[in-house]
Amino acid sequence: LPLVQSGGGSVQPGGSLQLSCAAEGFSLENYVIGWFRQAPGKEREGISCLSNSDELTVYSNSVKGRFTISKGNAKNTVYLQMNSLKPEDTAVYYCGASSRFIMGVPGTYEYWGRGTQVTVSS
């Protein structure tokens with residue numbers, strides 16, 4: 001898979017985690033990067049995306065004000081900073097790359113990371 005994810009893990013409610021998504025073998029410069037998550041028994045949910053120009057960001061209502069998507073200085077890694085985590089944030093988190101700026105539609109994403117588990121529990 002051309003997108004390599006890192007970060008994630010277990011944290012108590014109210015804690016923070018940062019996920020990263022790095023491109024291997026291609027440049028993210030021309031791609032929209034989206035973060036999705038999938039909890040057991042639920043559909044994959046789009047939670048944030050960042051335009052290829054880095055000027056536009058979109059967040060789902062479920063994470064707005066708590067999560068921040070950004071691109072690193074090298075421009076080939078995208079981060080998802082997650083603060084004030086809640087138990088309902090527990091899921092496998094995926095990053096995807098798309099040539100179109102469409103929030104939350106997995107079928108429009110061409111490349112995916114393998115996913116990383118985030119568990120929020122006391």
Side-chain angles (χ1 to χ4, degrees):
L1 296 171
L3 296 177
V4 179
Q5 295 184 227
S6 61
S10 295
V11 67
Q12 293 186 339
S16 298
L17 287 172
Q18 186 182 69
L19 307 182
S20 64
C21 175
E24 288 195 345
F26 71 105
S27 171
L28 290 179
E29 186 177 10
N30 297 318
Y31 287 90
V32 171
I33 300 301
W35 284 98
F36 292 76
R37 67 186 182 187
Q38 190 165 17
K42 295 189 176 182
E43 293 186 354
R44 191 167 294 192
E45 171 194 15
I47 57 173
S48 184
C49 64
L50 173 68
S51 68
N52 55 344
S53 66
D54 304 345
E55 293 177 352
L56 295 176
T57 58
V58 180
Y59 298 94
S60 66
N61 287 335
S62 59
V63 306
K64 193 178 297 181
R66 300 186 298 123
F67 291 11
T68 303
I69 189 170
S70 63
K71 191 173 283 183
N73 290 334
K75 302 296 185 182
N76 231 36
T77 299
V78 175
Y79 300 96
L80 184 70
Q81 178 65 40
M82 305 184 296
N83 297 328
S84 302
L85 283 161
K86 306 175 182 179
E88 52 263 44
D89 294 318
T90 296
V92 178
Y93 283 69
Y94 298 89
C95 63
S98 173
S99 56
R100 293 186 283 172
F101 190 77
I102 300 176
M103 168 69 172
V105 181
T108 62
Y109 283 73
E110 297 146 53
Y111 302 108
W112 289 96
R114 190 176 297 277
T116 186
Q117 178 71 45
V118 171
T119 302
V120 185
S121 173
S122 55

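Partners of Tyr111 by ring-ring contact (aromatic ring centres under 6.0 Å, His included), not counting sequence neighbours, listed by chain and number: Phe26, Tyr31. Evaluation of the ring-ring contact (aromatic ring centres under 6.0 Å, His included) rule for Tyr93 yields no partner, not counting sequence neighbours.
The 12-atom threshold is exceeded at CD of Gln18, counting heavy atoms of other residues, nucleotides or ligands nearer than 6.0 Å.
Residues Lys64 and Tyr59 approach most closely at CE-O, 3.7 Å, considering heavy atoms. Of all the heavy atoms in Ser48 and Ile69, the pair that sits closest is OG-CG2, 3.3 Å. The minimum heavy-atom distance linking Ala22 with Thr77 is given by the pair CB-OG1, 3.7 Å. What you find for Ser16 and Gln81 is that their closest heavy atoms are CB-NE2, 3.9 Å. The minimum heavy-atom distance between Ser122 and Pro13, with the atom names listed, is N-CD, 3.7 Å. Annotation for Gly9 and Leu17: closest pair O-CD1, 3.9 Å, computed over non-hydrogen atoms.
Note: Leu85 CG to Thr119 OG1 = 10.5 Å, rounded to the nearest 0.5 Å. Atom CG of residue Asp89 and atom CD1 of residue Ile47 lie 8.0 Å apart, to the nearest 0.5 angstrom. To the nearest 0.5 Å, atoms OG (Ser60) and CZ (Phe67) are separated by 8.0 Å. Cys95 contributes atom SG, which lies 8.5 Å from atom CG of Leu28 (distance to the nearest 0.5 angstrom). With values rounded to the nearest 0.5 angstrom, Ser51 atom OG is found 13.0 Å from Met103 atom CE. To the nearest 0.5 Å, atom OG of residue Ser98 and atom CG of residue Asn30 are 12.0 Å apart.
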Open item on the list: Walk me through whether Tyr109 and Phe36 qualify under ring pair (Phe, Tyr, Trp, His ring centres under 6.0 Å).
Closed with: CA-CA 11 Å; Tyr109 283 73; Phe36 292 76; 5.0 Å; yes
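Judged purely by distance below 3.5 Å, without hydrogens or angles, the side chains of Glu110 and Ser99 pair a donor atom with an acceptor atom.
Annotation: side chain of Leu56 is not in contact with side chain of Val32 (no heavy-atom distance under 4.5 Å). Looking at heavy atoms from C-beta onward, Asn52 lies out of side-chain contact with Phe101 at the 4.5 angstrom threshold. Using a 4.5 Å heavy-atom cutoff, the side chains of Val78 and Trp35 are in contact. No side-chain heavy atom of Asn76 sits less than 4.5 Å from a side-chain heavy atom of Glu24. At a threshold of 4.5 Å between non-hydrogen side-chain atoms, the residues Ser121 and Ser10 do not count as touching. With a 4.5 Å cut-off on side-chain heavy atoms, Arg37 and Val118 do not count as touching.
Of the possible polar contacts, one joining the Thr116 side chain to the Gly7 backbone as a donor-acceptor pair under 3.5 Å is found. For the pair Gln38 (side chain) and Val92 (backbone), a donor-acceptor distance under 3.5 Å is absent. When atom types are taken as modelled, the side chain of Ser20 and the backbone of Tyr79 share no donor-acceptor pair closer than 3.5 angstrom.
Exactly one residue among Glu45, Lys86, Glu88 makes a side-chain hydrogen bond (donor to acceptor under 3.5 Å, both in side chains) with Ser62. That residue is Glu45.
In this structure, Leu3 is not a member of the same hydrophobic cluster as Ile102, with clusters built from ILVMFWY side-chain heavy atoms closer than 4.5 Å. With hydrophobic clusters built from ILVMFWY side chains whose heavy atoms lie under 4.5 angstrom apart, Leu80 shares a cluster with Val11.
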